[in-house]
Amino acid sequence: MAAGAPVVPTARSGYEGDVSTSSDADPAVMWFRRDLRLADNPALVSASEAGPVLPLFVLDPALWGPSGVSRRWYLTESLRSLDASLRRRRTSLSVVRGKPERQVVLAAQAVDATRVFVAEDFGPYGRERDERVEEALDAAGIELVRVGSPYAVAPGTVVNGSGKNYQVFTPFSRAWADIGWEEPCAAPTGGSWLELDSTVEIPTVDLPDGLEPPAAGEAAAAQRWADFVDADVTDYDDERDRPDHDRTSRMSTHLKYGEIHPRTILADLAGSGGKGRTTYRTEIAWREFYADVLFRRPDSARDYYKPEFARMSYASPGDDFDAWREGRTGFPIVDAGMRQLAASGWMHNRLRMITASFLVKDLHVEWQHGARHFLGLLADGDLASNNHGWQWVAGSGTDASPYFRIFNPTTQGKKFDPRGDYIRRWVPELADVADPHDPSPDDRDRVDYPHPLVDHKAERQEALDRYAEIKQ
DNA sequence: CTGCGTTTGTA
DNA sequence: ACAAACGCA
C-alpha cells in the first residue's frame, strides 16, 4: 500500500476508520486490549521502536452486551481518554468490532502490516482466545511478536525450588517478592506512527440516576494513585475492611484497563515501611497470584480448580438466585452489597466475600453463576481476580478451607459495619429500624423489608454436609 | 519429617 | 480452644 493511500473500509470487514500511513516502511499493528497504559508499556516501546505502528484497540462485543451498563460506560470513557492521549502522540485510535482473531487480521491487512505486536496477556477471556489469535495470524502469514506483560508483573514465571508453580498464596507471594520486578518503562519516544484520517465515533452510554462513576484514563489513574498514597495508604491495613468508611484504593478499574501498571504501583511503594504499604503490596500480590493461577490453568476460569467439587450437589439458580441478585435476601449486609453493585458497578471487597459466601454456602448455588453476575456488572471485573476470588470463597480454589470459609452474614455485618452506616446507605428502608443488622420481624413488616430467605445456621450445616459427601 | 500457615465461626 | 486438610520449606 502506498503511503497516504486511504483504506476504504467496507461494512463486511468491520473495520471502522480510514487509514493512511505516515511512512511506507514495514508498518506494524500494535494490538491493545486492556492495556491502555502508554508511558509504562514495554510492549508499546518495543513496537514503536520497530517501525511505524497502528495502535489498535479491540472492542469485544461481549463488553457491549445488555448487562454491565457501568462497565460499558467505563470502557467508553477509557476510549475517549486513550483517544486524546494518542492524539497528543500524533496518532489516533482505531476501533474494530467482532471476534478479536478476525479483526486483528483485518486491521493488519488494512495497512499491509507484516507484523502484529501483541502484549503478552491472556486477556479478559482467557488464554484460549489468545491462541485463536495466534492461529488466525499464522494462517494469514502475518508474524506475531509477543512483547511485554502489561497485565501483571510476570504471570507464569514464579516457581518454587523444584520448578513447580505455587498453589498457595503465602509461599507464592514470598517467592514473587524475592524475584522482584523491573522498574516502570519510560514513555516511548522516537517511534513513528501510522495515522488515521478519521477517528471512530465513540458511542455514549446513559448511566442510571445516582451513579457517580470514577474518572477514567491514564491521567485519572495516576491522580487517584497519588491521592491514595498521600491520604489513605497509611491506614490501609485497618481501614480497607470497612465498607462504611470507603477508604480502599479504588485502583482496581484502572488496573483492569491497564491505565496504570502494577510495576508503577510497586515502585512507588518500595523503600518505605509502614503496615499500610505492606498490606497494599500484599493485595497487589493477590492479583498477581490469581493472574499466575489463571495463566497456568486457563480452564479454572470456568471449571472447578479442584475438580472433585464438580461432584458436589448444588441448587439450580432460581427464585433464590434472583433474590440474591436483586438484593432482597432479607440479610441486610448481603442486600446492601448487591444493591451497591447493581447501582454503582462496584462493590467493596469485604462485601464481595460476604455476598459470594452467601450465594455458595447458604443458597448452594454454584460459584460460576455468581461470578458471571459480578463480571457483568463490575467496572473492574477481571477474569482472574473475580473468578478465583469466587473459587476461594467456594472452597474449590487455591487455599481451600471449607470449614473456615462460611461467612456468617450478620456477624460480618456487625464486625465491619459496626454502626450500620453502609447498610443504611444502600438499604434505605432500614434507615430507622432499631438494629439494621438484624431487624425484628415487626420492623421488617413495617418498612416492607423481606424476612430472611434462609436459616443461616441450618444452611451452614447443609454446606458442610455436602462438602463431607465429596470427601470420600 | 515436622511445623507452619489459612481475609473465620462457634462455643 | 478447636474445627481440618494440605501445600510448602
Side-chain angles (χ1 to χ4, degrees), chain A residues 158-179 235-243 245 247-249 252 275-276 278-290 292-293 296-297 300 304-309 312 331 333-334 337 347-358 360-362 367 374 384-418 437-438 454-472:
Chain A
V158 180
V159 293
N160 65 18
S162 325
K164 302 249 299 180
N165 296 96
Y166 288 97
Q167 298 192 58
V168 172
F169 170 71
T170 307
F172 169 89
S173 66
R174 279 198 274 264
W176 170 80
D178 286 346
I179 291 169
D235 298 329
Y236 183 74
D237 189 43
D238 297 324
E239 292 294 325
R240 76 201 156 106
D241 263 331
R242 290 293 295 272
H245 292 176
R247 287 178 60 187
T248 58
S249 73
S252 53
K275 208 155 167 46
T278 306
T279 303
Y280 193 80
R281 196 169 68 177
T282 303
E283 298 305 317
I284 297 292
W286 275 103
R287 183 176 177 278
E288 296 281 327
F289 177 54
Y290 285 147
D292 183 81
V293 174
R296 287 185 288 112
R297 287 275 307 275
S300 65
Y304 291 96
Y305 181 82
K306 292 188 188 304
E308 65 268 28
F309 276 76
M312 201 147 82
F331 288 83
I333 195 73
V334 173
M347 195 200 296
H348 190 282
N349 185 58
R350 172 59 47 184
L351 273 298
R352 298 190 197 193
M353 293 191 283
I354 296 171
T355 56
S357 176
F358 187 82
V360 171
K361 301 292 170 66
D362 286 77
W367 68 265
F374 272 29
S385 295
N386 182 68
N387 288 31
H388 277 286
W390 273 91
Q391 296 236 36
W392 180 91
V393 168
S396 62
T398 52
D399 287 322
S401 285
Y403 288 85
F404 290 178
R405 222 148 279 161
I406 300 175
F407 282 38
N408 182 321
T410 311
T411 315
Q412 286 275 320
K414 287 179 176 171
K415 185 172 177 186
F416 296 109
D417 179 29
H437 292 290
D438 192 13
V454 295
D455 174 2
H456 171 71
K457 192 174 179 183
E459 299 308 334
R460 172 182 184 274
Q461 191 55 51
E462 174 68 21
L464 290 173
D465 291 346
R466 292 184 187 211
Y467 175 73
E469 279 176 29
I470 65 167
K471 290 315 279 183
Q472 313 309 333

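Reminder, nothing fancy here: chain letters follow the sequence lines and each chain counts from 1.
Rounded to whole Å, atom P of B/dT8 lies 13 Å from atom CG of A/D399. In this structure, the CZ atom of A/F169 is 18 Å from the C1' atom of C/dC6, given to the nearest Å. One interatomic measurement links the two molecules: CG of A/L464 to P of C/dA5, which rounds to 13 Å at whole-angstrom precision. When the C1' atom of B/dG9 is taken as reference, atom CZ of A/F358 falls 16 Å away, rounded to whole Å. Rounding to whole angstrom units, CD1 of residue A/I406 and C1' of C/dA3 are separated by 11 Å. Atom OH of A/Y467 and atom P of C/dA4 are 11 Å apart (whole Å). What separates CD1 of A/I354 from P of B/dT7 is a distance of 16 Å, to the nearest Å. The interatomic distance linking A/E308 (CD) with C/dC6 (C1') rounds to 12 Å, in whole Å.
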Wobble G-U and Watson-Crick pairs count when both distances are under 3.5 Å; given that, what is the 5' to 3' dot-bracket string of DNA chain B, with | for pairing to other strands? .|||||.|||.
Worked check of side-chain contact (heavy atoms from CB on, under 4.5 Å) between A/D292 and A/Y166: CA-CA 9 Å; A/D292 183 81; A/Y166 288 97; 5.7 Å; no
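With no hydrogens or angles considered, a side-chain donor-acceptor pair links A/Q391 and A/S396 at under 3.5 Å.
Here A/N165 pairs with nothing under the side-chain hydrogen bond (donor to acceptor under 3.5 Å, both in side chains) rule; sequence neighbours left out. Applying the salt bridge (Lys or Arg N to Asp or Glu O under 4.0 Å) criterion to A/D238, with sequence neighbours excluded, gives no partner residue. Take A/H388 and apply the ring-ring contact (aromatic ring centres under 6.0 Å, His included) test, not counting sequence neighbours, and it matches A/Y290. Partners of A/T411 by side chain to side chain contact (heavy atoms under 4.5 Å, CB included), not counting sequence neighbours, listed by chain and number: A/N408.
Among the atoms of the strands shown, only primed sugar atoms or phosphate atoms (P, OP1, OP2) are found under 4.0 Å from some heavy atom of A/N408.
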Between the protein and nucleotides 7-9 of chain C, which nitrogen or oxygen pairs come in under 3.5 angstrom?
from  : atom 1 : to     : atom 2 : distance (Å)
C/dC8 : OP1    : A/Q167 : N      : 2.6
C/dA9 : OP1    : A/Y166 : OH     : 2.8

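For the P atom pair drawn from B/dA11 and C/dA4, the interatomic distance equals 14 Å after rounding to whole Å.
Between A/I333 and A/K414 there is no side-chain heavy-atom pair separated by less than 4.5 Å.
Relative ring orientation between A/W390 and A/F374 is described as perpendicular, the plane-to-plane angle rising above 60° on a 0-90° scale split at 30° and 60°. Ring geometry for A/F331 against A/F358 counts as tilted: the plane angle lies between 30° and 60°, on a 0 to 90° scale.
Checking B/dG9, B/dT6, B/dT7 against the side-chain heavy atoms of A/R460 singles out B/dG9 as nearest.
For A/Q412, no side-chain nitrogen or oxygen approaches OP1 or OP2 of B/dT7 to under 4.0 Å.
Residue-to-nucleotide contacts include a donor-acceptor pair under 3.5 Å from the side chain of A/W286 to the base of B/dT7.
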